[in-house]
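Accompanying notes for the structure given below.
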Amino acid sequence: MAQKEPVEEKLEKVRHSMSHVMAEAVLQMFPQAQIAIGPAIDNGFYYDFELPRALSSEDLEEISQRMKTIIHENKEFKRIVVSRDEARKMFAGQVYKLELIDAIPENEEVSLYNQGGFTDLCRGPHVASTKDLNAESFKLLNTAGAYWRGKETNPMLTRIYATAWTNPKDLRLYLQKLEEIEKRDHRKLGKELDLFSFHEEAGPGLVYWHPRGARIRLAIENFWRDQHYANGYEMVQTPHVGKSWLWETSGHLDFYKASMYSPMEMDKADYYAKPMNCPFHIMIYQNTKHSYRELPFRWAELGTVYRYEKAGSLHGLLRVRGFTQDDAHIFCTPDQMESEIREVLRFSLFMLHSFGFEDISAYLSTRPQESVGDTDRWDAATESLRKAIIEQGLSYSVDEGGGAFYGPKIDLKIKDAIGREWQLSTIQFDFNLPDRFGMTFVDSDGVEKRPYMIHRALLGSIERFFGVLLEHYAGAFPPWLAPEQVCVIPVSEVFNSYSGEVFTALKQAGLRVYMDDGADRMNAKIRNAQNMKVPYMLVLGDREAQGNVVSVRYRDGRQVNGIAVNEFIALVKDKVSKREAL
RNA sequence: GCCCUUGUAGCUCAGUUGGCAGAGCACCACCAUGGUAAGGUGGGGGUCAUCGGUUCAAAUCCGAUCGAGGGCUCCA
């Protein structure tokens, strides 16, 4: 007990040991249960079982109680090394354990851990005794179906998820975080703030944007468009459907068909809703011959695509069947490739920073086993990605072999206001499509050569990005994004006319403003505006009308009285143009 | 797709052992004319997701379908 072990290792041991305790508890209740695996995971652990029946929340309570009893028995975790045959004998009847034993490499020893009433096949390590576990610092969270080894063709097991910590305080903090996550859930906020909806009768996974949601979305899109024009892009617009020729040529019908909507037949031809924009942008490129003098092309489009996502994986705005990519394709010469990548990455970071994301990390994915394109191009492309990351001073990790079959890529992940990571931007080379479509440009030496093609999406998709932003801000959008920036609230009907003047002035100044001249009392109006998270509320009565000023109630509770109307307009406009918070 | 959970008014939810479908908010009307987070009274609104079954009787029990939620990588 001399030196302190690192917290992470301690936690891992605690969680893993807890999972054994849970398995023991479950076996007490269901002696005939098949036990599978039970690792430590982020924030806790799980264990997979094959059980005679489904578990109820009362069952979880009972398992939890039994675990506490086991922990209080102060049982030692004993490591035992056995031969394969002995192990097989001990786990006779436990089909999953037998499979695991067979999977252990010949040169590794087979170890077991025993804590009294329960022995599990396990590499370890564990805490020394259940004495080192705290019976008040874990909580069984939920059950879920999970395929044995994650494969759809394998049997479905029952997984029990739990969170576990070394002390009750950490548990409490984590449970509070879960509550915070629930409060920020974009599906909940989307409903409360009247931003968007889904309609099962009209098709799951398809988003309906309400006026308030559309306001925000358009603020995002307008900013996006302006910045693309300012950063050397051109906009293109392409159709939503394309004939099978296009998808045969692109290869999507070979490799991507399962994710595509079924074809529509027209004039004896099959048309497919587009799952990607790239083939369309290539058609524009192919419209004429191109010289090296014209390149690079940077063509951007907020292109709405449709993909068949499995019913069970749909999730609010984060996984939908119809979504709008903030897509662009860059076609350039080999000479230009490096500077283009550098520029794309810089631009990506600028965009993410603009939306309030400061903590960004990069993931570089390199060539996988199965891939197309020649090695020189892969190497050059991968190096240019790496150089760009280093130049930007980003922390990054490399996913060796994690690239798509058609090219290496950089993914950018951001951390949101409560520390969760989300993958947004992706920058990918494509060595496949230019070949398939036979794209060329005429170089300075008169020879036709293959251009480099780069796909990139900075926000990912507008829908998903919107969901992430909504959770990041917990619905309290900064003024530049807020659907309504200002709510004008007359103290009583008597002041409707002065309020109307102020409203008109703000409206003419280009602010997003509305006046609540309904029959509610002022208090109720403030409450409503507050619940809709409107950044600024102007409460107008006699005092304001007399002085031709406004009194400002900020969303965060601050209050500033007696500001001239023009001064207030300037203040909001300043916040908006700087994209600042309140 | 698969496992578990789930579906009652626009929203959030009650609904005991099967016995005439409820509340709050929202909406509409009337009263109240108000100074920083819900003023009062009254009213309208539901084929209890859909289809089928059991029963004298089904929101409630059973089955199917559809939707929603939690999951299905983290390698004993």
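Quick note on labels: first sequence line is chain A, next is B, and so on, each numbered from 1. Atom set for the values below is all heavy atoms of this structure, side chains included, hydrogens, waters and symmetry mates excluded. None of the values given here were measured: they were computed from a predicted structure.
- Considering only side-chain atoms of S551(A), the nucleotide from U36(B), G71(B), G39(B) that sits closest is U36(B).
- Tested against D102(A), the residues R88(A), R84(A), K97(A) include a single salt bridge (charged side-chain N to carboxylate O under 4.0 Å, His left out) partner, R88(A).
- Here the closest non-hydrogen pair linking R15(A) and A164(A) is NE-O, 2.8 Å.
- Look at the P atom in both G43(B) and A23(B): the space between them is 11 Å, to the nearest Å.
- Side-chain atoms of Q28(A) and R66(A) form a donor-acceptor pair, as typed in the model, at a separation below 3.5 Å.
- With both ends at atom C1', the span from G53(B) to A14(B) equals 28 Å, rounded to whole Å.
- Checking C72(B), C11(B), A68(B) against every side-chain atom of K191(A), the shortest atom distance belongs to C11(B).
- The nucleotide C72(B) finds its pairing partner in G1(B), both defining distances of the Watson-Crick or G-U wobble pair being shorter than 3.5 Å.
- Comparing the P positions of C56(B) and U41(B) gives a spacing of 47 Å, expressed to the nearest Å.
- Applying the Watson-Crick and G-U wobble criteria (two distances, each under 3.5 Å), A23(B) pairs with U12(B).
- For R527(A), the listed nucleotide lying nearest its side chain is A38(B); candidates were G70(B), C72(B), A38(B).
- Among the nucleotides C2(B), G69(B), G35(B), the one closest to any side-chain atom of M522(A) is G35(B).
- Within the nucleic acid shown, A40(A) comes within 4.0 Å of sugar-phosphate atoms alone, with no base atom in reach, counting heavy atoms only.
- When each of G205(A) and L100(A) is assigned the nucleotide of RNA chain B bearing its nearest heavy atom, the one mapping closer to the 5' terminus is G205(A).
- Base-pair partner of G67(B): U6(B) (Watson-Crick or G-U wobble, both distances under 3.5 Å).
- Comparing atom distances between the V539(A) side chain and each of U33(B), U36(B), C75(B) picks out U36(B) as nearest.
- You won't find any donor-acceptor pair under 3.5 Å spanning the side chain of Q559(A) and the base of G35(B), going by distance alone.
- For R553(A) against A37(B), a side-chain N or O and a base N or O form a donor-acceptor pair under 3.5 Å.
- Residue side chain Y147(A) does not reach the base of G71(B) through any donor-acceptor N/O pair under 3.5 Å, judged by distance alone.
- E152(A) approaches Y147(A) most closely through the heavy-atom pair O-CE2, 3.4 Å.
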